[in-house]
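Read through the structure below, which is laid out as structure tokens, and then see the notes.
Below, read A as the first sequence line, B as the second, and so on, with proteins coming before strands; counting in each chain starts at 1. These values consider heavy atoms only, across backbone and side chains, with no hydrogens, waters or symmetry-generated copies.
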Amino acid sequence: MKTRIQELRKKHKMSQEELANAVGVTRQTITSIEVGKYTASLVLAYKIAKHFNLTIEDVFDFTELED
Amino acid sequence: MEDYKGKINRRMTFMAMSGVFIVILYWVAKQTLDAPKQIGFITGLCIALEALILGYLGKLFLSSRSASGLKKLAISEGDERKALIAQKTSRAGIVIYAVGLGIATIAAFFLNETVFMTLMGVLTFMALIKIILRVYFQRKY
């Protein structure tokens, strides 16, 4: 699943480690989500979206599900 | 975080007690066993177990010394991706173990009856545990 996490991190000048600590996962998990290897759970997706003050749909790309 | 620290402390106590228990077990085994092969096997096994316990205890102790270390340990243990990897590894591993044991059981049938019966027992036990756990988790979720 595609996400805007990398774009949002760079916009907020945040490292993967900092985001990972903020949402309670390891840096490797954030890396895997950014490259699309791992799909975050609903709870984690919510935490990441909330961290950037956005909705889940603004952070995660669900267009492939709609197709 | 205080709850988690308490949990880590309890785990460290349990691991330390396990280490002591293994030493006692080794001492008892050494008193009762005669054959050098058996003593050698038990010695190696106890050394390996103690090394694992001490390594894990050291990791817990170093993590529990600071709040950041504790948080890092908590995150590492609760990470959902790690949990998924562990789950998939276990599932694939069990299938591979079962197939391997099945092949060994068939081979043992032609070679040694005692080994065959032992392996059959192990396979039966594995199947029984799988059934029990499946029923348990189906009811839970």
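Heavy atoms of other residues, nucleotides or ligands lying less than 6.0 angstrom from OH of B:Tyr4 number more than 12. Crowding of B:Glu113 atom CD: a count of heavy atoms from other residues, nucleotides or ligands under 6.0 Å not exceeding 12. Surrounding CE of B:Met126 are more than 12 heavy atoms belonging to other residues, nucleotides or ligands, all under 6.0 Å away. The number of heavy atoms from other shown groups lying within 6.0 Å of CD (B:Gln31) is above 12.
A distance of 10.5 Å separates CD1 in A:Ile30 from CZ in B:Arg81, rounded to the nearest 0.5 Å. The OG atom of B:Ser76 sits 12.5 Å away from atom CZ of A:Arg27, with the distance rounded to the nearest 0.5 Å.
Following chains of ILVMFWY side-chain contacts shorter than 4.5 Å, one cannot reach B:Trp27 starting from B:Ile42, and the two form parts of different hydrophobic clusters. Both B:Ile106 and B:Phe116 belong to a single network of hydrophobic side chains, linked directly or stepwise wherever heavy atoms of I, L, V, M, F, W or Y lie under 4.5 Å apart.
Between the side chain of B:Glu80 and the backbone N or O of A:Ala40, no donor-acceptor pair lies under 3.5 Å. The backbone N or O of A:Val25 lies less than 3.5 Å from no partner atom in the side chain of B:Asp79, so there is not a single donor-acceptor pair.
In this structure, no portion of B:Lys72 lies under 4.5 Å from any heavy atom of chain A. For A:Ser32, the part lying under 4.5 angstrom from a heavy atom of chain B is the side chain only.
Among A:Thr29, A:Asn21, A:Val43, the residue with the largest count of heavy-atom pairs under 4.5 Å with chain B is A:Thr29.
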